[in-house]
Protein chains: 2
Amino acid sequence: MISQAMEDYLKAIYKLQQTIKPVPTSALAEHMGFSPASVTNMCKKLAELNLLHYEPYQGVVFTEAGLQVALEIIRHHRLIELYLSKALNVPWDQVHAEAEKLEHVISEDLEDRMAEMLGDPQFDPHGAPIPSRNGTIFRPESESLIDMKAGNRFVVVEVNDDDSELLRYLGTIGLYPGTELLLVERAPFDGPLTLKVAGKQHNLGYQAAKSVRVAPVETSQEPS
Amino acid sequence: MISQAMEDYLKAIYKLQQTIKPVPTSALAEHMGFSPASVTNMCKKLAELNLLHYEPYQGVVFTEAGLQVALEIIRHHRLIELYLSKALNVPWDQVHAEAEKLEHVISEDLEDRMAEMLGDPQFDPHGAPIPSRNGTIFRPESESLIDMKAGNRFVVVEVNDDDSELLRYLGTIGLYPGTELLLVERAPFDGPLTLKVAGKQHNLGYQAAKSVRVAPVETSQEPS
DNA sequence: CCAAAGGTTTAGGTAAGTCTAACCTAGAGG
DNA sequence: CCTCTAGGTTAGACTTACCTAAACCTTTGG
Ligand SMILES: [Mn+2]
Ligand SMILES: [Mn+2]
Ligand SMILES: [Mn+2]
Ligand SMILES: [Mn+2]
């Protein structure tokens with residue numbers, strides 16, 4: 001009933017509706033790399049299945065059922081990423097591509113077994129929250145590094161998981177979720193940011209910094 | 001280039017050509033549950049890709065390239081079965097269904113990681129040989145239990161992996177690959193077989209016994 | 001309140017993979 | 001050695017999922 005293509009649409013809609021609601025079909029089209037005509041078409045089908053509310057010219061919004069399906073697939077994706085990373089040592093820049101294919105194909109039983117093996121984990125290797133079995137999700141507060149003020153300390157909360165090259169680069173610097181950093185300086189005009197991570201200084205390009213989301217570090221006492 | 005459907009055809013052809021060569025398109029059709037017309041159609045496509053030799057009305061035979069593709073998928077299938085069974089404790093009657101979907105979707109990298117984690121295993125949970133990375137396979141001699149003479153001892157070599165219910169039943173008896181058994185008696189006219197497994201006696205239906213392949217136990221000294 | 005931007009519809013197309021129904025062929029048995 | 005039928009093939013059509021181009025409609029902001 002719900003095809004793989006539909007699942008991918010729902011995932012994309014989930015991502016976009018975190019920013020815009022309702023989601024314009026044109027935004028969806030651009031995000032997915034399909035023509036607007038194709039997207040309108042598919043949205044009508046998904047509305048037919050009661051997964052979306054679709055109002056012509058107004059974009060789409062999830063129905064409760066649609067949201068649950070989306071979260072279900074996202075749970076698969078993120079659990080698989082974490083599982084591959086932990087159980088098979090797949091590098092964090094490769095797990096996303098692998099999960100994109102596996103997420104559509106694993107059984108609920110396998111999902112449960114992976115979750116159990118991992119101790120019902122809350123976050124994937126890129127810091128994204130894993131929806132719970134019953135479809136709830138909590139995303140911790142975070143903001144992009146590029147919007148932060150220089151001179152402050154932050155923890156990496158989440159990084160973009162769909163750019164393999166970028167992830168490999170962030171890995172060499174050590175910018176994993178949980179890592180602390182000091183934002184030393186921000187060059188103006190969307191220039192690079194200077195960071196201190198684990199005692200070492202780095203220049204991070206603007207585009208790279210954009211996909212690193214952080215939270216302020218609680219003003220803790222420096223361990224003497 | 002090679003679609004999932006094509007992979008399934010090649011797998012089916014591999015199975016059938018162990019018995020009949022060349023493989024009649026009708027046998028393929030019956031095995032796969034498709035119409036003969038669909039199968040002829042696909043065989044022509046596979047021949048076009050140089051994966052099969054196809055002679056109208058004469059059935060199909062693998063080319064070397066086709067055989068390698070088939071073995072590649074079978075390696076995926078069996079590695080996945082063993083991995084799920086060992087790493088995630090998936091029961092042996094469920095691994096087949098799961099592997100049917102996953103086999104088409106895992107990367108070569110994941111295949112290698114699973115193989116490594118398992119120590120380059122030779123057999124899947126049902127006793128079927130796992131093709132090596134470079135496409136060689138060795139299937140140990142074995143014969144169906146129904147062709148064996150009563151009064152002799154055997155080891156289970158391999159069981160049919162595509163009937164979940166049967167596997168669950170064999171599991172309750174303890175008939176796993178490697179298990180020793182004594183064939184006590186064979187009822188005539190395709191009747192049930194009486195076995196002794198681990199000291200307990202069982203009556204195994206003819207159909208069930210058919211899918212259990214065994215080898216004679218070397219006449220070893222009974223441990224006193 | 002009207003024009004441009006955004007979105008939809010229509011029409012027509014491709015590519016898999018499947019089907020049914022009509023047809024053909026090989027080869028066994030009369 | 002000829003015929004009949006089981007086994008195979010061909011033809012034509014359908015479905016799903018995507019595409020484009022071009023005409024058209026709606027919303028909204030200036
Ligand atoms: Mn699930
Ligand atoms: Mn991720
Ligand atoms: Mn492989
Ligand atoms: Mn198996």
Side-chain angles (χ1 to χ4, degrees), chain A residues 1-17 19-62 66 69-70 73 100-101 103-105, chain B residues 1-17 19-62 66 69-70 73 100-101 103-105:
Chain A
M1 198 86 229
I2 299 177
S3 68
Q4 189 159 320
M6 289 172 179
E7 292 183 351
D8 285 332
Y9 272 89
L10 293 174
K11 257 201 324 176
I13 291 165
Y14 185 86
K15 184 157 199 184
L16 294 175
Q17 56 99 59
T19 318
I20 343 162
K21 235 187 290 195
V23 177
T25 52
S26 54
L28 241 188
E30 202 197 345
H31 185 77
M32 304 193 75
F34 296 146
S35 73
S38 301
V39 170
T40 295
N41 206 49
M42 181 59 97
C43 284
K44 282 158 85 176
K45 281 189 209 166
L46 292 170
E48 202 53 47
L49 292 171
N50 284 303
L51 299 170
L52 296 179
H53 295 296
Y54 168 60
E55 208 67 65
Y57 300 100
Q58 304 304 316
V60 291
V61 178
F62 278 125
V69 173
I73 302 152
E100 282 292 313
K101 298 175 294 171
E103 65 190 7
H104 303 291
V105 138
Chain B
M1 198 84 228
I2 298 178
S3 67
Q4 188 161 320
M6 288 173 178
E7 293 181 353
D8 284 333
Y9 273 89
L10 293 174
K11 255 199 327 174
I13 292 165
Y14 185 87
K15 183 157 198 185
L16 294 174
Q17 55 100 58
T19 317
I20 344 161
K21 236 187 288 194
V23 178
T25 52
S26 55
L28 240 190
E30 202 196 347
H31 184 78
M32 303 193 74
F34 294 148
S35 71
S38 302
V39 171
T40 295
N41 207 46
M42 182 57 96
C43 285
K44 282 159 82 176
K45 281 190 210 167
L46 293 170
E48 203 52 47
L49 292 171
N50 285 306
L51 299 171
L52 296 179
H53 295 296
Y54 169 60
E55 208 66 66
Y57 298 100
Q58 303 304 316
V60 291
V61 177
F62 277 127
V69 174
I73 302 151
E100 281 293 311
K101 298 175 292 170
E103 65 190 7
H104 304 291
V105 139

Evaluate A:M42 against A:L46 for side chain to side chain contact (heavy atoms under 4.5 Å, CB included), listing each step before the verdict. CA-CA 6 Å; A:M42 181 59 97; A:L46 292 170; 4.1 Å; yes
When the side chains of residues 31-39 of chain B are checked against the rest of the protein, which donor-acceptor pairs come out under 3.5 Å, sequence neighbours left out?
from	atom 1	to	atom 2	distance (Å)
B:S35	OG	B:S38	N	3.2
B:S35	OG	B:S38	OG	2.9

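Between A:L49 atom CG and D:dA17 atom C1' there is a gap of 14 Å when expressed in whole angstrom units. At whole-Å resolution of the value, CG in A:L46 and C1' in D:dT16 are 14 Å apart. To the nearest angstrom, P of C:dC24 lies 20 Å from CD of B:E55.
Within the 4.0 Å cut-off from OP1 or OP2 of C:dG6, not a single side-chain nitrogen or oxygen of A:T25 is found. Within the 4.0 Å cut-off from OP1 or OP2 of C:dT9, at least one side-chain nitrogen or oxygen of A:K44 is found.
Pairs engaging residues 41-60 of chain A under the side chain to side chain donor-acceptor pair (under 3.5 Å) rule: none recorded [sequence neighbours left out].
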Each nucleotide of nucleotides 18-30 of chain D classed B (base within 4.0 Å of a protein heavy atom), S (only sugar-phosphate) or -, in 5' to 3' order, makes SBB----BSS---
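Taking A:P24 as the reference, A:I20, A:S26, A:A27 meet the side-chain contact (heavy atoms from CB on, under 4.5 Å) condition, with sequence neighbours excluded. With sequence neighbours left out, the salt bridge (charged side-chain N to carboxylate O under 4.0 Å, His left out) criterion links B:E100 to B:K11. Evaluation of the side-chain contact (heavy atoms from CB on, under 4.5 Å) rule for B:L49 yields B:M1, B:M6, B:L51 as partners, not counting sequence neighbours.
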